[in-house]
Amino acid sequence: MPKSRIRKKADFTPPPAKQATSIKLTNRSWVAPVMLALFAIGLVWIVVFYVTDGSMPIESIRNWNIVVGFGFIAAGFGVSTQWK
């Protein structure tokens, strides 16, 4: 039986190098301090409300002070989405 011809394989040519694209990173150093500050303000607001039996921080809104405290905490979570 005759031998088949040997095919010459093409030399490997690497794909062309991709050009580096510059990524614009904005300075977001303010995010972590603001987030932690909002968490702390919300926590302190709720603690002060409970410790003073509702006479502080704002007596006229009574139990809505809890909602205000959790609002600060929720705002902290909202700010945390900007952290990279």
Side-chain angles (χ1 to χ4, degrees):
M1 184 162 191
K3 289 186 176 181
S4 62
R5 290 189 306 181
I6 299 174
R7 296 182 199 156
K8 184 179 178 189
K9 294 182 180 179
D11 294 334
F12 175 73
T13 308
K18 295 180 180 178
Q19 293 183 358
T21 58
S22 62
I23 300 172
K24 183 180 177 185
L25 297 176
T26 58
N27 186 5
R28 299 203 181 196
S29 60
W30 59 271
V31 173
V34 170
M35 174 184 67
L36 294 176
L38 287 170
F39 288 159
I41 290 169
L43 179 65
V44 168
W45 193 288
I46 294 170
V47 168
V48 167
F49 174 72
Y50 278 116
V51 169
T52 62
D53 290 329
S55 63
M56 285 182 68
I58 302 174
E59 187 176 9
S60 63
I61 62 173
R62 295 185 294 267
N63 288 338
W64 284 97
N65 280 304
I66 298 170
V67 175
V68 172
F70 278 112
F72 277 113
I73 294 170
F77 279 113
V79 170
S80 72
T81 62
Q82 298 298 313
W83 195 6
K84 290 190 178 189

Requested in this report: Would you kindly confirm whether Val67 and Ile41 end up in one hydrophobic cluster when ILVMFWY residues are joined by side chain heavy atoms under 4.5 Å apart?
Outcome: yes
**Report entry** ring pair (Phe, Tyr, Trp, His ring centres under 6.0 Å) contacts in which one or both residues fall within residues 54-77, not counting sequence neighbours
**Finding:** Phe39-Phe77, Trp45-Phe72
Report task. Hey, could you give me each pair passing side chain to side chain donor-acceptor pair (under 3.5 Å) that has a residue in residues 52-63? Not counting sequence neighbours. Result -> none
Query raised in the report: Should side-chain heavy atoms under 4.5 Å link Ile, Leu, Val, Met, Phe, Trp and Tyr, which residues sit in the same cluster as Val47?
Result: Leu43, Val51
Query - Beyond-backbone contact of Val79 with Leu38, side-chain heavy atoms, under 4.5 angstrom - result: yes
Query raised in the report: Roughly how far, to the nearest 0.5 Å, is the OG1 atom of Thr81 from the CE atom of Met35?
Result: 10.5 Å
Requested in this report: With sequence neighbours excluded, tell me which residues meet side chain to side chain contact (heavy atoms under 4.5 Å, CB included) with Val44.
Outcome: Val48
Query raised in the report: Of all heavy-atom pairs between Val68 and Ile61, which one has the smallest distance, and what is that distance?
Result: CG2-CD1, 4.0 Å
Query raised in the report: Would you find a donor on one side and an acceptor on the other, under 3.5 Å apart, between the side chain of Asn65 and the backbone of Ile58?
Result: yes
